[in-house]
Protein chains: 2
Amino acid sequence: MTTPLALVGDEPDGIYRLQDQVGFVLRKAHQRHVAIFASRIADLTPPQFAALARLYEIGETSQNQLGQMIAMDAATVKGVIDRLKSRGYVSLQKHDTDKRLLLVSLTAAGREAVEELIPLAKTITEETLTPLTQKEAAQFLRLLGKIA
Amino acid sequence: MTTPLALVGDEPDGIYRLQDQVGFVLRKAHQRHVAIFASRIADLTPPQFAALARLYEIGETSQNQLGQMIAMDAATVKGVIDRLKSRGYVSLQKHDTDKRLLLVSLTAAGREAVEELIPLAKTITEETLTPLTQKEAAQFLRLLGKIA
DNA sequence: CTGATATCATTTGCATACGAATGAATTTGC
DNA sequence: GCAAATTCATTCGTATGCAAATGATATCAG
């Protein structure tokens, strides 16, 4: 154990501790989650899975639109989709009338992969929340949702 | 507003919603924090600041040790330290007896930078936690600390 | 209808982040 | 005291993540 966390606004001009800064702890929590994810799903990254899962929910969309729905900017989503395409999980197609749009959709293999991985993804969420009781976990998810 | 968050373990074989998965929300929260950080401290990244702040706390250490204290692996910390060195914020020196160690320490400019930035860093934490009440923020930091 | 604006995808450059491999130096085990 | 194991720093490859610039296309305003 380290020293207890200070309350926000505590010690207005007091000492500065990195481990009390939300960004630092957020970064570590994210790293831990990514490690848990990798240990359970070795051949996809969390962003790649997010793209597949969203496509599974909503069906075909444009690349940009998909990016907005999974919180990725245009440059990032392009790389993710490129890699999913090279694996055969998604297929790309130009929009009929609006020639700017690149439509992304799941292939049969992509759909199968998502269906297999969803139970694992739920396990990953549970394992990440293992340090918390059920009550704490619900509370944490509620507050985290407000922060995000 | 989207649909309310499911409790953990809710709907054992129910629907899967990306926005209920802790990793996805954690990633978004982290992104939001990085954006807030960049808006207040334009010329340093959060990992760079973490390195400077830790060096300020503890003084000279080896590059690897520093990495462990700010949750960065050896490859990552090397890049961060290289960039801080090229800005004149840290200086590097070989250990006298143990020739494997690369000692990192703050320069005068680095120390000044940290002292100027610490108040801003506190503001950044506060702004990140703005969506929460004081009570919620304290609760959130407590639970986040357990997750990390 | 047409010039200004906006949107979409792409590309480039930079900064984490991690696994794996490597070489140098140190410590351990026996 | 010496071979084996460990530690440290570095390098390479891959994958986000974002800002900024660009070109193609679409929409809007007058």
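Here is the naming used below: chain letters follow the sequence lines, and residue numbers restart at 1 for every chain. Source: prediction; values computed, not measured.
Atoms CD1 (B:Ile81) and P (D:dA9) sit 10 Å apart, rounded to a whole Å. Between B:Arg32 atom CZ and D:dG17 atom C1' there is a gap of 18 Å when expressed in whole angstrom units. The distance from atom CE of B:Met72 to atom P of D:dT10 is 15 Å, rounded to the nearest whole Å. Between B:Lys99 atom NZ and D:dT10 atom C1' there is a gap of 19 Å when expressed in whole angstrom units. Rounded to whole angstrom, the span from the CD atom of A:Gln48 across to the P atom of D:dA15 amounts to 7 Å. Going from atom CG of B:Asp43 over to atom P of C:dA15 covers 12 Å, rounded to whole Å. For the pair A:Phe37 CZ and C:dC18 P, the interatomic distance rounds to 15 Å; values are reported in whole Å. Between B:Lys85 atom NZ and D:dA9 atom P the separation is 15 Å, expressed in whole Å.
Of the side-chain N and O atoms in A:Gln63, one or more sit less than 4.0 angstrom from OP1 or OP2 of C:dT10. B:Arg83 has no side-chain polar atom (N or O) that falls below the 4.0 Å cut-off from OP1 or OP2 of C:dC14. Considering only side-chain N and O atoms, B:Arg27 lies under 4.0 angstrom from the phosphate OP1 or OP2 of D:dG17. Considering only side-chain N and O atoms, B:Thr45 lies nowhere under 4.0 angstrom from the phosphate OP1 or OP2 of C:dA15. Taking 4.0 angstrom as the limit, A:Gln65 places none of its side-chain polar atoms (N or O) nearer than this to OP1 or OP2 of C:dC8.
Inter-residue side-chain proximity for A:Val104 and A:Val77 is flagged as unmet; no heavy-atom pair is nearer than 4.5 Å. Taking 4.5 Å as the limit, some side-chain heavy atom of B:Arg87 sits within range of a side-chain heavy atom of B:Asp43. In this structure, the side chains of A:His33 and B:Arg27 stay at 4.5 Å or more apart for every pair of heavy atoms. Between A:Tyr16 and B:Tyr56 there is no side-chain heavy-atom pair separated by less than 4.5 Å.
Residue-level contact check: B:Asp73 touches the bases, meaning some heavy atom is under 4.0 Å from a base atom. In this structure, A:Val80 reaches the sugar-phosphate backbone alone: every heavy-atom distance under 4.0 Å involves primed, P, OP1 or OP2 atoms, never a base.
Taking the nucleotide of DNA chain D with the nearest heavy atom to each of A:Thr97 and B:Leu102, the more 5' of the two is matched to B:Leu102. Positionally, the nearest nucleotide of DNA chain D for A:His30 lies more toward the 5' end than for the other of A:Asp98 and A:His30. In terms of position on DNA chain C, the residue among A:Leu101 and B:Thr76 whose nearest nucleotide sits closer to the 5' end is A:Leu101. For the pair A:Val34 and A:Lys78, both in contact range of DNA chain C, the more 5′-proximal nearest nucleotide belongs to A:Lys78.
Nearest to the side-chain atoms of B:Asn64 among the listed nucleotides D:dA9, D:dT11, C:dA9 stands D:dA9. For B:Arg100, whose side chain is taken as the heavy atoms from C-beta onward, the closest listed nucleotide among D:dA9, D:dT25, C:dT26 is C:dT26.
Distance alone, capped at 3.5 Å, places no donor-acceptor pair between the B:Ser62 side chain and the B:Leu102 backbone. For A:Arg54 (side chain) and A:Met69 (main-chain N/O), a donor-acceptor pair under 3.5 Å exists by modelled atom type.
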